[in-house]
Amino acid sequence: MIRHLLVLLVLVPSLAYAGNARLLTTDAAETLERPVLGLQRSAVPLPLGFALDTSLLADLMLAANLGVRWAAEAGPHRFVLGARYTQFVGSQAFSDLIRGQAPMVTRFDATLSGPSAYALYGIAPGGGWLFQVEGRYWGYQFPSAVVMAGVNAPLGAGLNLALEAGMQLPLTDAQGQPIGRPGLRGSAGLRYVGDNLGLTLGAAYVDISEPMVPGGALPIIPVVDLSWTF
Amino acid sequence: MRALPLLLVSSLGVLSACSIVVDVQTDPVDQAIPMTSIQTKVYGEVAVDIPAEARGDIVEITRLALEAVMVNPAAHSDLEFELLLSTEGQATPDQPSVYPGALAPAYVKRATVLVPVTTVRHGESLRVDIPNEQSNEQLLEAVTTAPRIWLIAANTLKPLSPLDPDFGVDPLPLELRLEDIVVKAQVLKSFEGASGAQGALGL
């Protein structure tokens, strides 16, 4: 029995996906079996469906983070569970940058630390199609949570159309006051998944209003991912 | 294009997940208010630009203070002084505006009273200090949402009575001064709602 299981573990890599198991702004309901170096996720697979991962993009922006992910397949069904801890280490750097540019700012202290967790269920009927739903919770200085449905539609030659639609959930703080800007969220983009190279380009609706940005608001941001699967 | 906006836009993904404490202090502004007659109300309007870092998705205003000094250099007249806050105005930071009461624009009537009518004695100055505990709702709202606020000083020179030992006639025009106008604010900013931006970062 154990020998059969061990043989399965050896066989599985030949069915493994390339890519870093990211859709656009959500995870992709895929197993992660090959080491991958990527912007949105760089990961090292561990036995039994686990993987250790980090967001290189966030690390580069000085939000150090480390996560654990577990994924499994059963026929067309996909299950993913993950958690991450993030700690922002760029407070001094951003403070110096902002204060150098805007002398009227005498203090700019950005903090971010806390866990986040996500769970996905997906169906991969074959041919590269993927239908999934993700729930994600961030427990930083202020909590936030989203539920997002996603679709990956293969267009041929490794190219895929990816779409996400969902909601940021209304949350309240300890006093019962509403937190954040709940509402509809969505993204669209193109993913190229080759044997090794992965590239994603898309746009996400985020509804940010921020006077520091020219124009005062940023409703849509670009989504970029680049990965190399070994 | 300035480097900062580009950098900010690209780092907004991570900043949007952060909780940010920002302290701003506007550069001190002085304004002269020439008075050409006594017993007539004259308005002096000063524009104060509020830095973008103190505005936006503000969660909490921890501290808000407005400071200024009203100087009455007259030797023989007391000054009746009132300070108003307006979210509309015609002054610019480079170009303050002075007009007599009779020609005051309509928004002056809608302005909020920050300092009610106070007497500034001849030769003295009055320190205006509106600390957090007394800040009214309109000031809090204006500073965190509007890029520019207008402070309107309403001044009337009142000559001293003949029984006063300092009685006399001030030569006109007489220049009053509203000095060291500073807005200090500490706010807690959070983008609370930008989950898409965190997602795009892979967090």
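In this text, all values refer to a predicted model and were calculated from it rather than measured experimentally. No hydrogens, no waters, no symmetry mates; every other heavy atom, side chains included, goes into these values. Chain letters run A, B, ... following the sequence lines, proteins first, then strands; residues in each count from 1.
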*Asks:* Would you check if A:F94 and B:V14 make a side-chain contact, meaning some heavy-atom pair closer than 4.5 Å?
*Replies:*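 Of all side-chain heavy-atom pairs linking B:V14 with A:F94, at least one is under 4.5 Å.
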*Asks:* Counting only non-hydrogen atoms closer than 4.5 Å, does A:R99 touch chain B with its backbone (N, CA, C, O), its side chain (CB onward), both, or neither?
*Replies:*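 When you check distances to chain B, no heavy atom of A:R99 falls under 4.5 Å.
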*Asks:* Any heavy-atom pair between the side chains of A:S144 and B:Q198 that's under 4.5 Å?
*Replies:*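 Side chain of B:Q198 against side chain of A:S144, heavy atoms only: contact under 4.5 Å found.
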*Asks:* With distance as the sole test, does A:T106 use its side chain to make a donor-acceptor pair with the main-chain N or O of B:D23 at under 3.5 Å?
*Replies:*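 Side chain of A:T106 to backbone of B:D23, a donor-acceptor pair under 3.5 Å: yes, one is there.
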*Asks:* Between A:A110 and B:L15, which heavy-atom pair has the shortest distance, and what is it?
*Replies:*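 Nearest heavy atoms, A:A110 then B:L15: CB-CD2, 4.2 Å.
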*Asks:* With only heavy atoms counted, which part of A:R84 is less than 4.5 Å from chain B, the side chain, the backbone, both or neither?
*Replies:*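 Looking at A:R84, just its side chain touches chain B.
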*Asks:* Minimum heavy-atom separation for A:L112 to B:C18, with atom names?
*Replies:*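 Closest approach of A:L112 to B:C18: CB-SG, 3.6 Å.
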*Asks:* If you count heavy-atom pairs within less than 4.5 Å of chain B, which of A:V224, A:T200, A:L57, A:D109 leads?
*Replies:*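 Counting heavy-atom pairs under 4.5 Å, the top option is A:D109.
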*Asks:* For B:P51 and A:M104, work out which heavy atoms get closest and say how close.
*Replies:*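 Minimum heavy-atom separation between B:P51 and A:M104: CG-CB, 3.8 Å.
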*Asks:* Nearest 0.5 Å, what's the OG1-CG distance between A:T54 and B:L203?
*Replies:*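 Taking OG1 in A:T54 and CG in B:L203, the distance rounds to 8.5 Å.
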*Asks:* Just how far is it from atom CG of A:D225 to atom CG of B:L201, taken to the nearest 0.5 Å?
*Replies:*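 If we round to the nearest 0.5 Å, A:D225:CG and B:L201:CG are 11.0 Å apart.
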*Asks:* With a 4.5 angstrom heavy-atom cut-off, could you sort out which part of A:F88 is near chain B: side chain, backbone, both or neither?
*Replies:*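 For A:F88, the contact with chain B is made by the side chain alone.
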*Asks:* Specify the closest pair of heavy atoms between B:A200 and A:V223, including all atoms of both residues, with the distance to one decimal.
*Replies:*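 Answer, listing the atom of B:A200 first, then A:V223: CB-CG2, 4.1 Å.
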*Asks:* Closer than 3.5 angstrom, by distance alone: can the side chain of A:T111 be matched with the main-chain N or O of B:S19 as a donor-acceptor pair?
*Replies:*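 Present.
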*Asks:* If you count heavy atoms of other groups shown closer than 6.0 angstrom to CD of B:Q95, is the number above 12?
*Replies:*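 For B:Q95, atom CD is not crowded (no more than 12 foreign heavy atoms under 6.0 Å).
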*Asks:* When A:R107 is tested against each of B:V24, B:V22, B:V21 for side-chain contact (heavy atoms from CB on, under 4.5 Å), which residue passes?
*Replies:*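 Only match with A:R107 under side-chain contact (heavy atoms from CB on, under 4.5 Å): B:V21.
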